[in-house]
2 protein chains.
Amino acid sequence: MTASRAEDLSRQFKAIADPNRLRLISLISSSAANEACVCDLTEPLDLGQPTVSHHLKILVDAGILHREKRGVWAYFSLVPGALDSLAGVLTEAQ
Amino acid sequence: MTASRAEDLSRQFKAIADPNRLRLISLISSSAANEACVCDLTEPLDLGQPTVSHHLKILVDAGILHREKRGVWAYFSLVPGALDSLAGVLTEAQ
DNA sequence: CCCGTGTATTGACAACTGTCGATATAGCTC
DNA sequence: GAGCTATATCGACAGTTGTCAATACACGGG
């Protein structure tokens with residue numbers, strides 16, 4: 001594996017390598033329309049709104065979540081195939 | 001997902017969320033007998049021996065690598081199924 | 001045009017992480 | 001046991017990360 005490929009992959013793994021971000025992914029994927037807004041996510045995680053917004057931005061920047069603004073609300077959903085692609089890296093390694 | 005489950009998973013993802021550790025995994029899995037010693041790994045990564053030993057310890061503590069000492073050499077190999085188990089978490093999430 | 005509300009950004013701070021040099025430990029060979 | 005070699009541990013340091021309070025921005029309703 002080249003160094004730059006390893007850098008790219010580590011950026012994505014770093015994005016999900018945080019307990020609160022793993023819970024965000026879990027909450028979003030298991031919610032009604034497979035999407036959730038920030039206000040739905042602060043309470044179950046017991047974190048402040050800026051902190052949740054920060055974590056969501058990291059996941060969006062990593063290409064794992066999609067952000068769609070409708071009116072005042074920002075709805076977050078999983079990018080189809082993003083997690084599968086990361087999973088593939090792990091299964092191919094062994 | 002419970003908070004403690006998320007903590008456990010994040011510990012494993014943190015272990016692989018580093019470019020040099022991803023390369024270590026790649027190097028070990030693609031080497032001859034699916035194992036390698038520290039001395040084989042320092043040169044391709046261009047890191048010092050203490051640093052490589054440190055990264056390997058993190059992977060062993062996370063249950064991803066197995067360490068077997070034979071004489072003066074320490075041979076590292078993938079723990080069967082460890083990466084598959086992590087991959088499963090990602091595919092099930094979506 | 002305000003006001004209220006949902007979200008994003010900024011600045012600050014403690015905690016953690018990756019790296020290195022120096023040193024310690026373990027095991028082989030003579 | 002002495003010396004050599006492979007590996008592990010320690011101490012230190014810069015850089016990064018997660019969190020919060022404060023603030024800014026964006027949008028809809030009156």
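Below, chain A is the first sequence line, B the second, and so on; all start at residue 1. Quick caveat: nothing in here was measured; it's all calculated off a predicted structure.
- Computed from coordinates, the B:His54 NE2 to D:dT9 C1' distance equals 11 Å when rounded to whole Å.
- Partners of A:Asp84 by salt bridge (charged side-chain N to carboxylate O under 4.0 Å, His left out), not counting sequence neighbours: none found.
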Inset, instruction - Determine, step by step, whether A:Leu56 and A:Val38 satisfy the side chain to side chain contact (heavy atoms under 4.5 Å, CB included) criterion, reporting the C-alpha distance in whole Å, the side-chain angles of both residues, the deciding distance to 0.1 Å, and the verdict. - result: CA-CA 8 Å; A:Leu56 289 169; A:Val38 180; 3.8 Å; yes
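- Listed by chain and residue number, A:Gln49 satisfy the side-chain contact (heavy atoms from CB on, under 4.5 Å) test with A:Ser53 (two or more places apart in sequence, or in another chain).
- For the segment residues 12-24 of chain B, the set of residues with a heavy atom within less than 4.0 Å of an atom of DNA chain D is empty.
- We find that CD of B:Glu68 is positioned 18 Å from P of D:dA6, with the value rounded to whole Å.
- Between A:Leu22 and B:Ala6 the shortest heavy-atom distance is CD1-O, 3.7 Å.
- Dashed line: the shortest gap from a side-chain N or O of B:Arg67 to OP1 or OP2 of D:dT7 is not under 4.0 Å.
- Here B:Phe76 lies in heavy-atom contact (under 4.0 Å) with sugar-phosphate atoms only.
- Remark: B:Arg5 pairs with no residue by the side chain to side chain donor-acceptor pair (under 3.5 Å) rule, at least two apart or across chains.
- B:Asp8 pairs by the side chain to side chain donor-acceptor pair (under 3.5 Å) definition with B:Arg11, not counting sequence neighbours.
- Other members of a hydrophobic cluster containing A:Ile58 are absent, since no ILVMFWY side chain comes under 4.5 Å of it, directly or through relayed contacts.
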What side-chain donor-acceptor pairs closer than 3.5 Å can you find for residues 63-83 of chain A, not counting sequence neighbours?
unit_1	atom_1	unit_2	atom_2	d
A:Glu68	OE1	A:Arg70	NH1	3.4
A:Arg70	NH2	A:Glu35	OE2	2.8

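- Side-chain contact between B:Ile25 and B:Ile16 is present, with heavy atoms from C-beta onward closer than 4.5 Å.
- Residue contacts for B:His55: at a heavy-atom cut-off of 4.0 Å it reaches the sugar-phosphate backbone alone, with no base atom in range.
- Considering only residues two or more places apart in sequence or on other chains, A:His55 meets the side chain to side chain donor-acceptor pair (under 3.5 Å) condition with A:Arg21.
- Note on residues 47-62 of chain B: pairs passing salt bridge (Lys or Arg N to Asp or Glu O under 4.0 Å), not counting sequence neighbours, are B:Lys57-B:Asp61.
- A:Leu27 has its side chain within reach of A:Leu45: a pair of non-hydrogen atoms, C-beta onward, lies under 4.5 Å apart.
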Enumerate all atom pairs, one protein N or O and one N or O from nucleotides 22-29 of chain D, separated by less than 3.5 Å.
none

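- Within residues 30-45 of chain A, no residue approaches DNA chain D, by heavy-atom distance under 4.0 Å.
- Between B:Ser10 and A:Ala17 the shortest heavy-atom distance is CB-C, 4.1 Å.
- In 5' to 3' order, the nucleotides of DNA chain C bounding all contacts with chain B (an atom under 4.0 Å from a heavy atom) are C:dG18 to C:dC28.
- Taking 4.0 angstrom as the limit, B:Ser53 places a side-chain polar atom (N or O) nearer than this to OP1 or OP2 of D:dA8.
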